[in-house]
Amino acid sequence: MVVTINIGNSHILFGIWQEDCLLFRSTISSDLNRSTDEYAIQLHSILSLHQVSLLEISGGIISSVVPSLTGRIRSAIQQVCHTKFFTVGPGLKSGLSIRIDNPAQLGAELVCAAVAALESFPPPLIVITMDTAISIMAINENQQLLGGSIFPGPILSFDALIQKTAQLSQVDLDSCPNSIIGTNTISSMQSGFIWGTACMLDGMIAKFQQELNGNALVVCTGRIPGAVRSACTTSMHYQQNLILRGLLLIYRKNSR
């Protein structure tokens, strides 16, 4: 079994693979105040919950965009699983041709998403990951990652709106209003969040398509509400476990 862990700004995604089968995935909150031992207890509990024998774990790999948590999580998982763990970054083989100005600056989870997307879909590709931020990457027909765009994610923007306004409250963001014209505060906020995010994604994808000669497949992953995906006019291939799959592929490239 192989352990794959992606450390994000809001959540830590944790998955166990046996061969090509993802046995389970679990999510815990990213907390800078939590100690190594506390994370170790959480990870041990997750493995116990899913009845995973520690003796069956042969190795693992971590990707992270939170440097202050990387060492902590690495130490925590190695307390639980006494085996070798890789960390995605410079010096680790990914098989991805990165053509940005400084390849070392590319986020680890973006590397994983691109590697997994290229395994499943023919290039050119537009790969979207959505969490605290939205990242859109362009991969040309030669399987080269050319670069992309990064901008605030909808959850972050929505939380900022709630915090900075006196009369707006949290609403259900999984329901898409039938009309873009909201007739009350709640439906107006749903419209702005869902239709606004969808229009933004459609517009950005159209610009990326122009750069990639208009024939790129769109692959997306992360915390993209189903209502937003349904509201988009662009056809998207949603892959819930894209980053975890990429981690597994990179692990295999480096453990041979």
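Note: hydrogens, waters and symmetry copies are ignored here, and every other heavy atom, side chains too, is used.
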Next on the checklist: Do L22 and I16 have side chains that approach each other closer than 4.5 Å (heavy atoms only, starting at C-beta)?
Outcome noted: no
Next on the checklist: Between N6 and I12, does the side-chain contact (heavy atoms from CB on, under 4.5 Å) criterion hold? Intermediate values first, please.
Outcome noted: CA-CA 6 Å; N6 179 58; I12 300 171; over 6 Å; no
Item to check | Any donor-acceptor pair under 3.5 Å from D131 side chain to G222 backbone | outcome: no
Item to check | Any donor-acceptor pair under 3.5 Å from S97 side chain to Q144 backbone | outcome: no
Next on the checklist: Between S188 and Q190, does the side-chain contact (heavy atoms from CB on, under 4.5 Å) criterion hold? Intermediate values first, please.
Outcome noted: CA-CA 5 Å; S188 295; Q190 289 174 324; over 6 Å; no
Item to check | Parallel, tilted or perpendicular: rings of H50 and F24 (30°, 60°) | outcome: parallel
Checklist entry - Between T70 and R72, is any side-chain donor less than 3.5 angstrom from a side-chain acceptor? => result no
Checklist entry - What's the spacing between L110 CG and I243 CD1 if we round to 0.5 Å? => result 7.5 Å
Next on the checklist: Contact between L247 and E109 at the side-chain level, heavy atoms closer than 4.5 Å - yes or no?
Outcome noted: no
Item to check | Sub-4.5 Å side-chain heavy-atom contact between V127 and I136 | outcome: no
Checklist entry - Are Y39 and L47 connected in a single hydrophobic cluster, I mean Ile/Leu/Val/Met/Phe/Trp/Tyr linked by side-chain heavy atoms less than 4.5 Å apart? => result yes
Next on the checklist: Let me confirm one number: the CG-CG distance from L212 to L217, rounded to the nearest 0.5 Å.
Outcome noted: 11.0 Å
Considering only distance and modelled atom types, tabulate donor-acceptor pairs under 3.5 Å from the side chains of residues 52-61, sequence neighbours left out.
unit_1	atom_1	unit_2	atom_2	d
S53	OG	L55	N	3.4
S58	OG	M1	O	3.0

Item to check | Atom of L242, atom of A117 and distance for their closest heavy-atom approach | outcome: CD1-N, 3.8 Å
Next on the checklist: For F85, does the six-membered ring have the charged nitrogen or CZ of R74 within the cation-pi criterion, i.e. under 6.0 angstrom from the centroid and within 45° of the normal?
Outcome noted: no
Checklist entry - Are I7 and V88 grouped together when hydrophobic residues (ILVMFWY) are joined by side-chain heavy atoms under 4.5 angstrom apart? => result no
Item to check | Under 3.5 Å donor-acceptor, S179 side chain and I181 backbone | outcome: yes
Checklist entry - Between I250 and C112, is any pair of side-chain heavy atoms under 4.5 Å apart? => result yes
Next on the checklist: I want to check something: taking the side chain as every heavy atom from C-beta on, are F86 and K253 in contact at a cut-off of under 4.5 Å?
Outcome noted: no
Checklist entry - How many angstroms lie between atom CD of Q78 and atom OG1 of T83, to the nearest 0.5 angstrom? => result 8.5 Å
Next on the checklist: Is there a path of hydrophobic side-chain contacts, each under 4.5 Å between heavy atoms, that joins L23 and Y251?
Outcome noted: no
Checklist entry - With no hydrogens and no angle check, do the side chains of S10 and T132 hold a donor and an acceptor under 3.5 Å apart? => result yes
Next on the checklist: Is there a side-chain contact between I128 and S135 in this structure, where contact means two heavy atoms from C-beta onward sitting under 4.5 Å apart?
Outcome noted: no
Next on the checklist: S75 vs T36, test: side-chain hydrogen bond (donor to acceptor under 3.5 Å, both in side chains). Steps then yes/no.
Outcome noted: CA-CA 7 Å; S75 297; T36 297; 5.1 Å; no
Under 3.5 Å, side-chain donor or acceptor atoms of residues 192-204 against the rest of the protein: list the pairs with distances, not counting sequence neighbours.
unit_1	atom_1	unit_2	atom_2	d
W195	NE1	P177	O	3.4
T197	OG1	F193	O	2.5
D202	OD1	T233	N	3.3
D202	OD1	T234	N	3.1
D202	OD1	T234	OG1	2.7
D202	OD2	T233	N	2.9
D202	OD2	T233	OG1	3.1

Checklist entry - Should E119 and R245 count as side-chain neighbours, where that means a heavy-atom distance under 4.5 Å? => result yes
Next on the checklist: Run I134 and T129 through side-chain contact (heavy atoms from CB on, under 4.5 Å) and show every step you take.
Outcome noted: CA-CA 6 Å; I134 298 175; T129 61; over 6 Å; no
Item to check | Closest heavy-atom pair and its distance - V218, S235 | outcome: CB-O, 3.7 Å
Checklist entry - Quick one: does L244's side chain get under 4.5 Å of W17's, heavy atoms only? => result yes
Checklist entry - Between atom CZ of R25 and atom CG of L13, what is the distance when rounded to the nearest 0.5 Å? => result 4.5 Å
Checklist outcome for this item: Closest non-hydrogen contact found for A133 with I150 is CB-CG2, 4.1 Å
Item to check | Audit row: F14, V3, side-chain contact (heavy atoms from CB on, under 4.5 Å) steps and yes/no | outcome: CA-CA 7 Å; F14 181 81; V3 182; 3.6 Å; yes
Checklist entry - Hey, quick one: are I126 and M137 part of the same hydrophobic cluster, counting side-chain heavy atoms closer than 4.5 Å, chains of contacts allowed? => result no
Checklist outcome for this item: Given the options Q240, H237, R229, C220 meets side-chain contact (heavy atoms from CB on, under 4.5 Å) only with R229
Next on the checklist: With a 4.5 Å cut-off on side-chain heavy-atom distances among I, L, V, M, F, W and Y, is there a chain of contacts connecting I73 to L32?
Outcome noted: yes
Next on the checklist: Can you give me the closest heavy-atom contact between S30 and L69, atom names plus distance?
Outcome noted: CB-CD1, 4.0 Å
Next on the checklist: Once rounded to the nearest 0.5 Å, what's the spacing between atom CD1 of I41 and atom CD1 of I46?
Outcome noted: 12.5 Å
Item to check | For the student: nearest non-hydrogen atoms of P90 and A104, plus distance | outcome: CG-CB, 4.0 Å
Checklist entry - If you draw a 6.0 Å radius around CD in E211, do more than 12 non-hydrogen atoms from other residues or ligands fall strictly inside? => result no
Item to check | Closest approach of A76 to L43 (non-hydrogen atoms, all atoms of both residues) | outcome: CB-CD1, 4.1 Å
Item to check | H44 atom NE2, over 12 foreign heavy atoms within 6.0 Å | outcome: no
Checklist entry - Distance from E19 atom CD to L248 atom CG, nearest 0.5 Å? => result 9.5 Å
